[in-house]
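Order of the sequence lines sets the chain letters (A, B, ...), proteins ahead of strands, with each chain counted from 1. Side-chain atoms are counted along with the backbone in the values below, which use heavy atoms only and exclude waters and symmetry mates.
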Number of protein chains: 2
Amino acid sequence: MMKKSPAPEAVKAWGRLMRVSRQLVEKAEDALKAGGLPPLAWYDVLHELAEAGEGGLRPFELIDRVLLAQYNVSRLLARLEADGLVEKLPVSDDGRGQTVRITPAGREMRRRIWAVYGASIADLIGDKLSAKELEALAGLLGRLRDPPITE
Amino acid sequence: MMKKSPAPEAVKAWGRLMRVSRQLVEKAEDALKAGGLPPLAWYDVLHELAEAGEGGLRPFELIDRVLLAQYNVSRLLARLEADGLVEKLPVSDDGRGQTVRITPAGREMRRRIWAVYGASIADLIGDKLSAKELEALAGLLGRLRDPPITE
DNA sequence: TCCCTGTCGATGCAATTGCATCTATATAGA
DNA sequence: TCTATATAGATGCAATTGCATCGACAGGGA
């Protein structure tokens, strides 16, 4: 079995991607912490649930949207529920499952997190690249996604 | 105090960056795990130490290179030492500190990890973008770094 | 109907991480 | 010199994460 060697350009881009993404996440998380707000993962889940609307989402649907492991979603939802940010509803046609819906308090929390998170995004990347460059970046990253996005 | 709102292009690029980087890290880590190899962080440290050569590095120098918290470096080095991959030497002119040097076994481990890690890089990004595109990506990411790289 | 297999979501336990703090040494200033 | 402050690195403890598994229900086939 033959193992590939990556091109030098690939190694360089990989290194940058790893370092930059970690730096950015860390700074965004720090900003939230400084504001007494919960971690980014909370935002991601609240965001998805807010987009899903009144119908809510099944936990397993959340899993691939937010890219978290099943047990992490399970525990994160338990915390969100304990804080009154989401509610779990039994689902009629599947006795195993449940539907998770965002509450008004959850929407408010999402808004508060966004005030800080959005500002971080503006600071960390919005101010550093032009609109064209940001689109170019998004385009390149889209092709690395799984599944890839071919715009 | 006025909070900025990010441009839509910035939000889109941010979202892609977050999702793609997590996906890629996860896949690379999975490949290592499947090969019975230690996590990426081990590679990063062994790599820096290998580059540093016989002189080794002080733990605090490692901290900003690998972007890990001080306590994580401390514990990671303890594990690497327990596995015989690095050795800690007292440093003459500073009684608080130590110098960490990679051992032959450490170099060998680095080589083994790279066989898998490098192949992941080739698969995950080398095969998806051209050399020109990879350079463009690295260039854009470099400007997001702290400190930014202006090539 | 009764398995058998698959999926949904939760959880016990071990490993890892984060936070705060500690010890030891260095350095600067009175 | 003596004291105060800063830096290097380690570590106790709590919170989080990963892994494996579990219990409950669904769906299909005999």
Side-chain angles (χ1 to χ4, degrees), chain A residues 22-23 25-34 36-45 48-49 52 56-83 86-101, chain B residues 22-23 25-45 48-49 52 55-83 86-101:
Chain A
R22 269 188 290 176
Q23 265 188 349
V25 168
E26 192 183 323
K27 289 189 182 180
E29 294 274 16
D30 285 351
L32 291 179
K33 226 170 294 182
L37 293 167
L40 280 187
W42 287 43
Y43 178 81
D44 290 341
V45 167
E48 292 298 333
L49 290 176
L57 284 177
R58 299 283 302 266
F60 72 87
E61 296 177 291
L62 223 36
I63 289 173
D64 35 65
R65 279 181 173 72
V66 300
L67 228 51
L68 290 175
Q70 183 270 322
Y71 53 82
N72 278 328
V73 169
S74 175
R75 293 199 258 232
L76 179 44
L77 289 175
R79 285 170 212 166
L80 291 171
E81 188 186 27
D83 279 28
V86 306
E87 52 190 350
K88 294 179 178 178
L89 313 165
V91 51
S92 53
D93 63 333
D94 187 339
R96 293 167 302 182
Q98 58 195 258
T99 291
V100 183
R101 192 164 58 187
Chain B
R22 270 187 289 173
Q23 266 188 347
V25 169
E26 193 183 323
K27 289 188 183 181
E29 293 275 15
D30 285 352
L32 291 180
K33 226 170 295 183
L37 294 167
L40 281 186
W42 287 43
Y43 179 81
D44 290 340
V45 168
E48 292 299 333
L49 291 175
L57 284 177
R58 300 283 301 266
F60 72 87
E61 296 177 290
L62 223 35
I63 288 172
D64 35 65
R65 280 180 173 73
V66 299
L67 227 51
L68 289 175
Q70 182 269 324
Y71 52 83
N72 278 328
V73 169
S74 174
R75 293 199 259 230
L76 178 44
L77 288 175
R79 285 170 211 165
L80 291 171
E81 188 185 28
D83 279 29
V86 307
E87 52 191 349
K88 295 179 176 178
L89 314 165
V91 51
S92 52
D93 62 333
D94 187 340
R96 296 167 299 181
Q98 57 193 263
T99 291
V100 183
R101 193 165 58 185

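- When all heavy atoms of Ala28(A) and Leu40(A) are compared, the pair lying nearest together is CB-CD1, 4.3 Å.
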Exercise answer: donor-acceptor pairs, residues 57-74 of chain B side-chain atoms, under 3.5 Å, sequence neighbours excluded:
residue: Arg58(B); atom: NE; partner: Gln98(B); partner atom: O; Å: 3.0
residue: Glu61(B); atom: OE1; partner: Arg58(B); partner atom: N; Å: 2.7
residue: Arg65(B); atom: NH1; partner: Glu61(B); partner atom: O; Å: 3.3

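- Here Asn72(A) does not reach the OP1 or OP2 of dT16(D): none of its side-chain N or O atoms lies under 4.0 Å away.
- Partners of Ala31(A) by side chain to side chain contact (heavy atoms under 4.5 Å, CB included), not counting sequence neighbours, listed by chain and number: Val116(A), Ser120(A).
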For a quick check, with a 4.0 angstrom heavy-atom cut-off, what is the B/S/- contact string for nucleotides 20-26 of chain C, read 5' to 3'? ----BBS
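- The interatomic distance linking Ile63(B) (CD1) with dT7(D) (C1') rounds to 11 Å, in whole Å.
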For nucleotides 1-4 of chain C, tabulate all protein N/O to nucleotide N/O atom pairs closer than 3.5 Å, reporting atom names and distance.
none

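- Spacing between atom CD of Gln98(A) and atom C1' of dC25(D) amounts to 13 Å, rounded to whole angstrom units.
- dT17(D) atom P lies 15 Å from atom CG of Leu67(A), rounded to whole Å.
- Between dC19(D), dA10(D), dT17(D), one nucleotide has an atom nearer to the side chain of Arg79(A) than all others, and that is dT17(D).
- Here the P atom of nucleotide dA10(C) and the CG atom of Leu76(A) are 11 Å apart, to the nearest Å.
- For Lys88(A), there are no side-chain hydrogen bond (donor to acceptor under 3.5 Å, both in side chains) partners, not counting sequence neighbours.
- Judged as a side-chain hydrogen bond (donor to acceptor under 3.5 Å, both in side chains), and not counting sequence neighbours, Glu81(A) has no contacts.
- An OP1 or OP2 oxygen of dA10(C) is reached within less than 4.0 angstrom by a side-chain nitrogen or oxygen of Ser74(A).
- Take the nearest nucleotide of DNA chain C for Lys33(A) and for Phe60(A): the residue whose nucleotide is more 5' is Phe60(A).
- Checked against dT17(C), dG9(C), dT11(C), the side chain of Arg75(A) finds its nearest nucleotide in dT11(C).
- Distance check, rounded to the nearest 0.5 Å: CD of Glu29(B) to CZ of Arg22(B) gives 14.5 Å.
- Straight-line distance from the CG atom of Leu40(A) to the P atom of dG18(C): 14 Å, rounded to whole Å.
- At least one side-chain heavy atom of Val91(B) sits under 4.5 Å from a side-chain heavy atom of Asp93(B).
- The line from CG of Leu32(A) to OH of Tyr43(A) is 10.5 Å long, rounded to the nearest 0.5 Å.
- The distance from atom CD of Glu61(A) to atom P of dT7(C) is 16 Å, rounded to the nearest whole Å.
- Contact annotation: Lys88(A) does not reach the phosphate of dG9(C) (side-chain N/O to OP1 or OP2, under 4.0 Å).
- Nucleotide dT17(C) holds its P atom 12 Å from the CZ atom of Arg22(A), rounded to whole Å.
- Atom CG of Leu68(B) and atom P of dC19(C) are 14 Å apart (whole Å).
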